[in-house]
Number of protein chains: 2
Amino acid sequence: MRVTIKDIAKKAGVSITTVSRVMNDKLGGISQETKERILKIVEEMNYQPNALARSLVTKQSLTLGLVLPNISNPFFPEMVRGVEDLANHHGYSVFLCNTDDDEEKEKHYIQLLKEKYVDGIIFSSNSRYSEAHYEILQKAHIPFVLIDRGEEDGNSPYNGVFIDNEKGAYLATKHLIDLGHEKIACMTGPKEVGTARRRILGYQKAMMEANLPILLETGNFRMKDAYTSAKKLLPSNEISAIFASNDVMACGIYQAAYELGMNIPKDLSVVGFDDIQLVEALTPKLTTIRQSSYTLGKTAAEMIIQDLKKAKKETKVVKLDPELVIRQSTRSIK
Amino acid sequence: MRVTIKDIAKKAGVSITTVSRVMNDKLGGISQETKERILKIVEEMNYQPNALARSLVTKQSLTLGLVLPNISNPFFPEMVRGVEDLANHHGYSVFLCNTDDDEEKEKHYIQLLKEKYVDGIIFSSNSRYSEAHYEILQKAHIPFVLIDRGEEDGNSPYNGVFIDNEKGAYLATKHLIDLGHEKIACMTGPKEVGTARRRILGYQKAMMEANLPILLETGNFRMKDAYTSAKKLLPSNEISAIFASNDVMACGIYQAAYELGMNIPKDLSVVGFDDIQLVEALTPKLTTIRQSSYTLGKTAAEMIIQDLKKAKKETKVVKLDPELVIRQSTRSIK
DNA sequence: TTGTAAGCGTTATCAG
DNA sequence: CTGATAACGCTTACAA
């Protein structure tokens, strides 16, 4: 049996109330002497309060739920780390839930988290935008904040933290334009995915500003598809640069270029999006748009924890700025 | 206020005991009629039992703690996924804890997990083997299983799941030998790290069996160090193959070879270790040793959950078999 | 087939 | 400065 507050009280010859007070540093006013005596016994008996019992009465579990599609997707680990760091810093623990973008699993987890009495949920939903997900969340009556996905409708009625995807794509494209490129293709993600759409928008904006022709080619956010598309695209056009709307696709393009005997950046400049770790291992190192998923996670955790403290809730949406990281896959052709 | 068992009982005109019984499918014998009535009300009022309260009396939280150095390390996400999948399958949730290999944090988290009343802990400790970590765990009196790290002393007194590192290195080296290579170098990790040492052992075993000369070069498990070492090593020797004891170092070797104008696999065969995701994005694709971290996680979770069910505890150590994945970075020179 | 009541380990209220 | 005692939401003998 585990040591409980009762055991401490008995051994110290005081009431459990008193023990509770010293454990929680309640100002109540406890003589220095008893305080020290109790603390010593606590130490001796290696007593740790039962958080379950405590939460039952205080009505807060100091626990958050983190719901995301799949931690194995290289985008998420950093984000998780951000969440965990900040949560822990504020005394919160976090439950990790992988949904595989499956609505049934999402439902299941939200219910589970509710049973576990989490104080808040950080939620990254299915890529395909759907009100349904958020309804489930709403119904659970647990404060939540969306993360990464769900940016699409500007005036979101929910708390959220996102990356400014349009801006990122704009920066990437602008970089190529500034280097003197004119035939610049955009390898896109699936059109139904919000982040993919926003990136296309950013590309188009930059191209239109420079009065250059739009050239879209779909790669579905996948290495293989990007490889295939590039294999077709590159030989037939005089494209001198590609903006790949994620890094994984940039890898596919690297492969295609390699097989076509094209040198990057000599014959082809490439910019990616994400700045996932592997990108530094490529030859040449990939110039890309960094979206700090760590900051994303940290910000989301911060938001929800602050929210929990406040009485009056207000909806807040944060958009983080992406950043161009110039490495070796682009070159000036002026 | 949240709906409680009382609310349901009142609305259904029964005692809370009865409600509890239907919620838990206790055989007790409940009339079909009342059962259905209660279930309907539960549905209507969207009632979910409070797991905290339940755990308080049942003495089990259906919760596990997963303690690891850093989820951002590309080795872990898959492992986490394995743990989570299996845990969830058995109705367990998991708390994620990042320790950064810091002993203070480890202590902190173990205490926290104890407070949260987790039923078991899956623990991946500091690379440097130290009894201290395990003592802390022991003292918490929570069942635990070590994962990945801690393999070193064969007759471990603790439950654990590991990869057979020696065997993996042996397989890698043997593969190169079978291809006809004779001057095979081994790029090693830090000698103090157990996994690194075991991989050296495997390499040496294969080389000695074939009567070939040992050639060790340290790369510290890091890309940059491997790059530097390779840059020095490759020009001066007639090395035709390298076994890199992790994939990240293989990347460094790729870079060095590229800059030295050596073609992989024409001029140099390379085998890695880990099979991290990025490896398929390399050109040419890396031949490597796959250690299924997913299985690692899954097995660990399985072990601890089984352990929780049993009355008589017995220490168990599982060693998983690594697997050679042949891709395009090696070639026969017979 | 159902209900009463004790108890899980805490905190919070109120009294002294 | 300290202590009874109720309460949190649930499960589980034991009764009926």
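In what follows, chains are A, B, ... by sequence order, proteins preceding strands, each numbered from 1. Keep in mind the model is a prediction, meaning the values are calculated, not measured.
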Quick check on [N]: is either OP1 or OP2 less than 4.0 Å from any side-chain nitrogen or oxygen of [X]?
{"X": "B:Thr4", "N": "D:dG9", "answer": "no"}
{"X": "A:Asn24", "N": "C:dT11", "answer": "yes"}
{"X": "A:Lys35", "N": "D:dC1", "answer": "no"}
{"X": "A:Thr17", "N": "D:dG3", "answer": "no"}

Between [N] ([atom2]) and [X] ([atom1]): distance, integer Å:
{"X": "B:Gln32", "N": "C:dT2", "atom1": "CD", "atom2": "P", "result": "11 Å"}
{"X": "A:Lys6", "N": "C:dG9", "atom1": "NZ", "atom2": "P", "result": "7 Å"}
{"X": "B:Arg54", "N": "D:dC8", "atom1": "CZ", "atom2": "P", "result": "19 Å"}
{"X": "A:Gln60", "N": "C:dA12", "atom1": "CD", "atom2": "P", "result": "10 Å"}
{"X": "A:Leu56", "N": "C:dG7", "atom1": "CG", "atom2": "P", "result": "17 Å"}
{"X": "A:Lys114", "N": "D:dC10", "atom1": "NZ", "atom2": "P", "result": "11 Å"}
{"X": "A:Glu115", "N": "D:dG9", "atom1": "CD", "atom2": "P", "result": "15 Å"}
{"X": "B:Asn50", "N": "C:dC8", "atom1": "CG", "atom2": "P", "result": "18 Å"}

Checklist entry - Can you tell me how far the CG atom of B:Leu56 sits from the CZ atom of B:Arg54, to the nearest 0.5 Å? => result 12.5 Å
Checklist entry - Hey, what do you get for CG (B:Leu64) to CD1 (B:Ile121), rounding to the nearest 0.5 Å? => result 9.5 Å
Is any side-chain N or O of [X] under 3.5 Å from a base N or O of [N], one able to act as donor and the other as acceptor?
{"X": "B:Thr34", "N": "C:dT2", "value": "no"}
{"X": "B:Arg21", "N": "C:dG3", "value": "yes"}
{"X": "A:Thr58", "N": "C:dA12", "value": "no"}
{"X": "A:Ser20", "N": "C:dA12", "value": "no"}

Next on the checklist: Set out, in order, the CA-CA distance, both residues' side-chain angles and the distance that settles side chain to side chain donor-acceptor pair (under 3.5 Å) for A:Ser15 and A:Thr18, then state yes or no.
Outcome noted: CA-CA 5 Å; A:Ser15 72; A:Thr18 303; 3.2 Å; yes
Checklist entry - Reckon B:Ile16 touches a base, only the sugar-phosphate, or nothing at all at heavy-atom distances under 4.0 Å? => result base
Next on the checklist: Applying a 4.0 Å non-hydrogen cut-off, can you work out what A:Thr18 is touching in the nucleic acid: base, sugar-phosphate, or nothing?
Outcome noted: sugar-phosphate
Checklist entry - Which residue, A:Glu33 or B:Tyr47, contacts DNA chain D at a nucleotide closer to its 5' end, judged by nearest heavy atom? => result A:Glu33
Checklist entry - How are the rings of A:Phe144 and A:Tyr158 set to each other: parallel, tilted or perpendicular (split at 30° and 60°)? => result tilted
Checklist entry - Hey, which of these two, B:Lys59 or B:Arg37, hits DNA chain C nearer its 5' end, going by closest nucleotide? => result B:Arg37
Checklist outcome for this item: Comparing B:Val14 with A:Val19, nearest DNA chain C nucleotide closer to 5' gives the residue B:Val14
Next on the checklist: Other residues, nucleotides and ligands only: do more than 12 of their heavy atoms fall within 6.0 Å of NZ on A:Lys107?
Outcome noted: no
Item to check | Neighbour count above 12 (heavy atom, 6.0 Å) for B:His89 NE2 | outcome: no
